[in-house]
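Since the model is a prediction, treat every value here as computed from it, not as a measurement. In what follows, every chain begins at residue 1, and chains take the letters A, B, ... in the order their sequences are listed.
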Amino acid sequence: MTLDTVKHATGTPEAEQPWAALGLKADEYARIREILGRRPTGAELAMYSVMWSEHCSYKSSKVHLKQFGEKAPASDAMLVGIGENAGVVDVGQGYAVTFKIESHNHPSYIEPYQGAATGIGGIVRDILAMGARPVAVMDPLRFGAPDHPDTRRVLPGIVAGIGGYGNCLGLPNIGGEVVFDSCYQGNPLVNALCVGVMKHEDIHLAQASGAGNKVILYGARTGGDGIGGVSVLASETFDATGPAKRPAVQVGDPFQEKLLIECTLEVFAEKLVLGIQDLGGAGLSCATSELASAGSGGMRVELDSVPLRDATLSPEEILMSESQERMCAIVEPEKVARFLEICEKWDVIATVIGEVTEGERLEIFWHGEQIVDVPPRSVAHDGPTYQRPFARPSWQDALQADAPTAERLKRPASGEELRATVLQLAGSPNQADKSWITSQYDRYVLGNTVLSTPEDSGMVRIDEETNLGVAVATDGNGRYAKLDPYTGAQLALAEAYRNVAATGAKPLAVSDCLNFGSPEDPDVMWQFAEATRGLADACQILGTPVTGGNVSLYNQTGDVAIHPTPVVAVLGVIDDVNRRTPIGFAEEGQLVYLLGDTADEFGGSAWAQVAHDHLGGLPPKLDLERERLLAEVLIAGSRDGMVDAAHDLSDGGLAQALAESCLRGGKGVRLVVPDGLNAFTFLFSESAGRAVVSVPRSEELRFTEMCGVRGLPATRVGVVDGDSIDLQGHFTLPLAELREAHTGVIEALLG
Amino acid sequence: MARVVVDVMLKPEILDPQGQAVQRALPRLGFTGIADVRQGKRFELELEGPVDEAALARIREAAETFLANTVIEDFTVRVEQP
C-alpha cells in the first residue's frame with residue numbers, strides 16, 4: 001500500500017476516504033477539505049476524526065458549557081480557571097490545589113477492570129500535568145439494578161480495577177458514591193476524581209512557544225491500545241444486545257504510572273520543562289495539536305522516533321493509539337540531556353520526537369515523507385460547534401404531575417410501620433453500608449487521610465506542620481435531575497457543598513462530570529441545557545466557580561437514555577484538620593439539633609423508590625442563600641468547638657442520617673417529633689438545606705445563639721443516649737438490629 | 001483420564017505489564033538475547049469421561065465465557081496425549 005503523503009493527497013483529490021466509518025459527518029469532512037484546501041491524508045483524517053469526536057471536541061455541549069465561564073463568580077481563590085488540564089485553587093499558606101473529575105463510562109462497561117483502572121490513570125495524569133503531586137482519588141459509581149446478572153459482571157470488575165490501580169499507585173481513595181438504578185443497566189457510570197497539591201510557584205501550563213525547543217515523548221511505549229477508542233467508544237451507542245464493537249481495550253500499568261509521577265515531578269522541580277501534556281484520549285494527535293496550539297503553532301514531529309511496542313503499527317495508528325502512561329513535554333535544547341538523564345534514573349523511556357518550529361503548521365513525517373500538514377488550532381480547538389435542538393420533553397409535565405402525595409402513595413403511620421420503614425431504607429442497596437466496596441480501596445496510604453467514606457467528605461492533610469487540609473465531596477442524584485434537571489443539578493451541587501461544610505471545611509471550587517444520553521435527542525439536550533444552566537446559576541450564588549470537568553454523552557441503550565446525571569465535586573479548605581467534624585454520635589448526653597426547615601417533600605425521594613418504586617413529582621425546593629448560611633454555621637460550629645458531630649441530610653432524610661451517625665459513633669439517640677411535623681415527614685422528608693448535629697451541653701447556649709443571630713432555624717430534636725433509636729411515642733429500634741439490616745447487603749448481592 | 005489444556009494469552013495488541021517486567025529482568029540476571037516476553041495462563045483440565053467433540057465444545061464454551069476474558073485475551077484448546 002502506498003503511503004498517503006501530503007503530496008499524494010494533493011495529487012489524488014478524488015480518492016475515497018472512510019470518514020463516515022471514523023465517525024465524521026459529511027459536512028465535517030467537507031470542512032476539513034476546506035481548511036486544508038485539499039483532501040486530508042489518512043493520518044490527518046485520523047487526527048481530525050478523533051479530535052472532532054464528541055468526547056474531545058465537546059461539539060454538542062460547548063455552547064452550554066460557556067456559562068460556567070460567563071457566570072463564574074469572582075473568587076480570590078482561583079489561580080487557574082477552566083480550560084487547562086485542571087483548574088487550580090489557592091488554599092492558603094502558599095499551597096495550591098488542583099482537582100478534576102472525569103468519566104470513563106463506556107470503556108468500563110466493555111472491560112470493567114481495565115476500564116476503571118485506566119480511568120484512574122487518566123485523571124491522575126491530568127493532575128500531574130498541572131505540576132501537582134496527586135494525593136487522593138475518589139470514585140462516584142453508578143450501576144444498574146443490584147440483582148441484575150450483568151451488575152455482577154460489571155461492579156466487581158470496576159471496583160477491583162479502581163482498587164488495583166489506585167492501590168498500586170499508592171493513592172488513597174477517600175470517597176465517592178455508589179448508586180444503583182436500573183436506568184444505568186447498560187451504561188454504568190464510572191467517574192474518577194483526583195486531587196493534587198503544589199506550591200503556587202509550581203503551577204505549569206501546557207504551552208510550546210520558542211522555535212527549536214524539543215518535543216519529548218516519555219513513558220510507556222506506544223502500542224495498538226484503544227485505537228479509535230475515543231471516537232468509537234464515546235460517540236456511538238451500544239446495541240440493545242450488548243457491545244456491538246469491541247475495539248482494542250487499553251490496559252494500564254500502575255507501576256509505570258508511579259514512575260511517571262516521580263519522574264515528572266523531578267523534571268518540574270529542576271525547571272526543565274516549558275510545557276507538558278498528558279496523553280489520554282486521542283493520544284499523540286491530541287497532545288501534539290494541543291501543545292502546538294498553546295504555543296505559536298509550529299511543530300515538526302518525526303513519527304518514526306516514537307518508541308513502539310508493536311513494530312507493525314501504521315502512522316495513523318500511532319497517532320490514534322491510546323496507550324496509557326505516556327506524557328509529552330516541551331524542553332529547551334540545552335536541558336534535554338538532563339531531562340533524559342532523570343527519565344533514565346526512573347527507568348522511563350524518553351525520546352525526542354520533534355521540535356517547535358517558526359511556522360504555524362503542525363507537520364508530521366514518516367519515513368522522511370510528510371503525512372500531516374495542518375493548522376493545529378483547527379484540530380485542537382476550532383472543531384465543529386453544534387447548536388443541537390432541544391425541547392422540553394412531552395412527558396415532563398405528566399412526570400411532574402405524578403407527585404407522591406399521601407393519596408398517591410401509602411405512607412407508614414403506626415409506630416410499627418415507621419420502624420419497619422427505617423429498617424427497609426437503611427437496608428436498601430442505595431442506602432446500605434458500602435464498606436464491602438470501599439474496603440477494597442486503600443484509604444490510608446500516604447498517611448494523611450483524615451476522613452474517608454462513610455464520612456460526609458473525604459479529607460486529607462496537606463501540611464504536616466500546620467495541619468492545613470482539603471476536603472472533597474461528590475454528589476449527584478439522577479432521580480431528582482430526571483424530575484427537574486435545572487433544580488436537580490443545583491441539588492447535586494448543594495449536597496456536595498453541604499457535605500464539605502459538614503466536615504468543617506470552607507467550600508471553594510467545583511468540578512463537574514456531566515453524564516447524559518444522546519445529544520441528538522432533543523429531550524436529552526434539553527436536560528443537558530437545563531442542568532448546565534442550573535449549575536452555572538447556583539455556582540454564581542454560592543461563590544464557587546467551576547474549575548473544569550468533563551462531559552459524557554451517548555449514555556444510552558437503544559432509545560433509552562440514563563437519568564440525566566450531573567455529578568458535582570466540591571473542594572473545600574480547612575485550616576486545621578484537627579477541628580474536622582465527623583458524622584458519628586459518640587458522646588452520650590450531647591444534644592441533637594436539626595438545622596434547617598423540613599417540609600413535606602418526597603418527589604424523587606429514596607422512600608418513594610424503596611417503598612413504592614415510584615419516581616414522580618418535583619424534587620425538593622432549593623434555597624441557595626440558606627445553603628450558604630447553613631455552611632457558615634457548620635464551619636463556625638466546627639472551628640469554635642460547638643458541634644462534635646454533623647451529618648448532612650439527603651436521600652433517606654433524617655432517619656437515614658441518624659442511622660448512619662448512630663452506627664458510626666456506636667451510640668443511640670432519643671428523639672421527639674417537633675411540633676408542627678408528623679412523624680413520617682420528620683423522619684423521611686428530603687428537604688434540602690438541612691443537617692443534623694450533636695452539640696455538647698456546655699456549648700448549647702452559644703450554638704443556639706449563633707443560629708438565632710444568623711437566622712438559621714435550629715430545632716432540638718433529641719439527645720444522644722443508649723443503644724437504640726427511640727422515637728418517643730412511636731418506636732424503639734435497637735442499633736444491633738439496625739446494623740444487621742444496614743451491613744452485609746452489598747456483599748450478599750455481589751460478593 | 002484425559003487432559004485438556006487451555007492456554008490463555010493476552011491479545012497481541014494488548015499491553016502486558018508482567019511480560020515486560022520479566023523481559024526487563026532477564027538481561028539483569030544474565031539471560032541475554034531475548035527480544036520480547038509475553039506471559040499467559042495455562043489451565044489443565046482433567047476430564048471424567050472421554051474426550052469427544054461434545055466435551056471439547058463444553059470446554060471451549062467454558063474458556064470463552066469464564067477462563068479467558070475474550071475482550072483482551074485469546075485462548076487455544078488442545079488435548080494432551082498421555
Check: Going by residue number, which parts of residues 31-39 of chain B are within reach of chain A, meaning a heavy-atom gap below 4.5 Å?
Finding: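 If one takes a 4.5 Å heavy-atom cut-off, no residue of residues 31-39 of chain B lies near chain A.
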Check: B:Val51: what forms a side chain to side chain contact (heavy atoms under 4.5 Å, CB included) with it, not counting sequence neighbours?
Finding: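 B:Val51 satisfies side chain to side chain contact (heavy atoms under 4.5 Å, CB included) with B:Ala2, B:Val4, B:Leu47, B:Leu56, B:Val79 only.
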Margin query: Once side chain to side chain contact (heavy atoms under 4.5 Å, CB included) is applied, do any residues pair with A:Arg309, and if so which ones, sequence neighbours excluded?
Written below: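 Only A:Arg221, A:Asp225, A:Ser323, B:Leu15, B:Gln20 meet the side chain to side chain contact (heavy atoms under 4.5 Å, CB included) criterion with A:Arg309.
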Notebook entry, point to check: What part of B:Asp16 lies closer than 4.5 angstrom to a heavy atom of chain A: side chain, backbone, both or neither?
Noted result: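 Neither part, no heavy atoms under 4.5 Å.
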Next item on the list: Decide if atom CD of A:Glu344 counts as having more than 12 heavy atoms of other residues, nucleotides or ligands within a radius under 6.0 Å.
Entry: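 Count not over threshold, so no.
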Notebook entry, point to check: So with a 6.0 Å cut-off around CZ of B:Arg58, is the heavy-atom count from everything else above 12?
Noted result: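 Result for CZ/B:Arg58: open.
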Next item on the list: Could I get the full list of salt bridge (Lys or Arg N to Asp or Glu O under 4.0 Å) partners for B:Glu44, not counting sequence neighbours?
Entry: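 So B:Glu44 forms a salt bridge (Lys or Arg N to Asp or Glu O under 4.0 Å) with B:Arg3, B:Arg42.
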Check: Between B:Glu13 and A:Leu313, is a side chain to side chain contact (heavy atoms under 4.5 Å, CB included) present by the stated rule, with each step listed?
Finding: CA-CA 10 Å; B:Glu13 72 272 19; A:Leu313 288 180; over 6 Å; no
Margin query: Could you report the tightest heavy-atom contact between A:Gly252 and B:Pro17, atom names first, then the distance?
Written below: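 Looking at all heavy atoms of both residues, the shortest contact is O-CG, 3.9 Å.
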